[in-house]
J.: 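Below: one structure in structure tokens.
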There are 2 protein chains.
Amino acid sequence: MSQTVDRALNILPLLAEGPADLGQVADRLGVHKSTALRLLRTLHEHGLVYRQSDQRYRLGARLFALAQEAVENLDVREIAHPHLVRLNESCGHTVHLAVHEEGEVLYIDKVDSRYPVRMYSRIGKPVAITVAAVAKLLLADLPDPERRAFAEKLDYPMYTARSTPSAPAFLRELDKVREQGWATDLGGHEESINCVAAPIRGADGRAVAAMSVSAPNVVVTEDELLTLLPLVRRTAEAISGEYSGRTPTTQSGSSSSSSS
Amino acid sequence: MSQTVDRALNILPLLAEGPADLGQVADRLGVHKSTALRLLRTLHEHGLVYRQSDQRYRLGARLFALAQEAVENLDVREIAHPHLVRLNESCGHTVHLAVHEEGEVLYIDKVDSRYPVRMYSRIGKPVAITVAAVAKLLLADLPDPERRAFAEKLDYPMYTARSTPSAPAFLRELDKVREQGWATDLGGHEESINCVAAPIRGADGRAVAAMSVSAPNVVVTEDELLTLLPLVRRTAEAISGEYSGRTPTTQSGSSSSSSS
DNA sequence: CAGAGCCATTGCATTCTCTGCAACAGCCAT
DNA sequence: ATGGCTGTTGCAGAGAATGCAATGGCTCTG
């Protein structure tokens, strides 16, 4: 809608691939160097772009701050977090919280007591939408025609032999998920990883988020993981209750701490 | 430099404060609603802004993805990470990695084996620049006049009684830090938290990053924490060596995994 | 049920901003 | 020195963004 802004914003994903100099940016944008320069300058002033010592441009620091503020403003996350922690404490497995946004499903929170390595790297990342348990729940909740249209547009990569192979299979799966009110991913994305998920619903009954517990085969079998289903569903229910205002919000939110 | 882009980008921090509707955005931007609408649309198309069900706008998902890619492209981080993990394994405390960028010092990595809660929330967040050990190291490395000018412009909030109170005190501290090649933060930000930090230097000797180990008083005393100093410095040295190409980069980088 | 009021949205003419060009400056390598 | 490479700036023209006013959808109210 706005050419200038459009061009400027196209620079961001471009730089996300790696640092680039003025010429490269101008070329890939299809504009004159001077134009690219001015766009980069504006981005720079806003801190979205950083100029490193070799004069090349990189994505800047403000981007982190913005992304962080964005995630902190998601009220579902705020409410859900203590529940996720509690669930994690009682079962020990990885717990995820995800939402549906603009055709993508992405993690907005995660608690993992065992593998702290690179934990943050998953938050904000779109999930494998055709296989992830949380994705199934969120998509199953869409109105019929929309769901159908969406399923048609998807790719169905075979991450493993148990991945969802096609749109019809996916739609069948969604029907089942909607029916039973919970979902699983049994090795559909990574051979050795299973998940159980339950939806979090707002006051109007629509799924606003979904949560899941994931564990590798080597720790618990599929059957053992399914044992946790009632607990997961209860947790999701508790969050739903609080989110939709039915429950008086047990205690106040968390605080923060810090260090250097 | 570019009015349109400038306006569009001003929307982002505005929305970071919380969701807003078209009218509010237009007002705070000082432009006509139709203009604001078109800007928001453009941002929307790029996924930087999300329109929630009540028609109000929020920061969008793409922001996460971008911030994530940005952080993954920071090569210091890539190289440092395994070292940080190893250090964390051997001492058990929180380990941070930070860089200096555009007048801010921010964490770009963190390993924390004990408190998985909200781990990610610290990454990308600007540190308390007047007290954090990593900030002292990075600023101590600036050329004299620049350092001086920068120190003058800072605020010196008294987080605790031991916070750096003023620019002169800060500059003295930086001199000391530069002298000794390492830094501490002893309760300067949070009464009960101490840190020890060491710089990571590139081939030209300039500090490209700094790392620290932090622990609360209740776990280890100041003196005990200082015991770790040699280990921290050795780790920083190892990372420096690898980053500047002196060391043959032990093994290859990491991979990724996933779940749902 | 009608009507008022609010908000988002659109078409259009005007105007102002952005664009691309060309010239300039700094840097490195030849 | 000199040529080529990069980033940078001034300028005039052109195209794009702007604000206005009018429309359409919605909810709240009488």
J.: Has B/Q55 got a side-chain N or O lying under 4.0 Å from the OP1 or OP2 atom of C/dA8?
T.: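 No, B/Q55 has no side-chain N/O under 4.0 Å of OP1/OP2 on C/dA8.
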J.: Rounding to a whole Å, what distance do you find between B/L39:CG and C/dT17:C1'?
T.: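 Nearest whole value for this atom pair: 14 Å.
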J.: Heavy-atom nearest nucleotide on DNA chain D for A/Q3 versus A/K33: which residue maps closer to 5'?
T.: A/K33
J.: Is A/T164 reaching over with its side chain to a backbone N or O of A/T130, donor-acceptor style, under 3.5 angstrom?
T.: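 Answer holds: yes.
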J.: Could you tell me whether the side chain of A/R178 and the main chain of A/A140 form a donor-acceptor pair under 3.5 Å?
T.: yes
J.: Can you measure from CD (A/E146) to CG (A/L139) and round to the nearest 0.5 angstrom?
T.: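 Answer for the CD-CG pair, A/E146 versus A/L139, is 10.0 Å.
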J.: Just checking B/R56: base, sugar-phosphate only, or nothing, at a heavy-atom cut-off of under 4.0 Å?
T.: nothing
J.: Polar atom pairs between nucleotides 9-12 of chain D and protein, under 3.5 Å, N or O only, would you list them?
T.:
unit_1, atom_1, unit_2, atom_2, d
D/dT9, OP2, A/R41, NH2, 2.5

J.: Report yes if at least one side-chain N or O of A/S2 is closer than 4.0 Å to OP1 or OP2 of D/dA17; otherwise report no.
T.: yes
J.: Provide, to the nearest angstrom, the distance between the CZ atom belonging to B/R7 and the C1' atom belonging to D/dA17.
T.: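 Rounding to the nearest Å, CZ of B/R7 and C1' of D/dA17 are 9 Å apart.
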J.: Taking CG from A/L22 and C1' from C/dG20, how many angstroms apart are they, rounded to a whole number?
T.: 14 Å
J.: Parallel under 30°, tilted from 30 to 60°, perpendicular over 60°: which one fits the rings of B/Y156 and B/F170?
T.: perpendicular
J.: Roughly, in whole Å, what's the span from CG in A/D27 to C1' in D/dT6?
T.: 13 Å
J.: Would you call the rings of B/H100 and B/F150 parallel, tilted or perpendicular, where under 30° means parallel and over 60° means perpendicular?
T.: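 Answer is perpendicular, since the angle exceeds 60°.
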J.: Of the options A/R147, A/R201, A/K136, which is the one that meets A/D141 in a salt bridge (charged side-chain N to carboxylate O under 4.0 Å, His left out)?
T.: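 The single option meeting the salt bridge (charged side-chain N to carboxylate O under 4.0 Å, His left out) with A/D141 is A/R201.
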J.: D/dT18 P sits how many Å from B/D6 CG, rounded?
T.: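 Roughly 11 Å, once rounded to whole Å.
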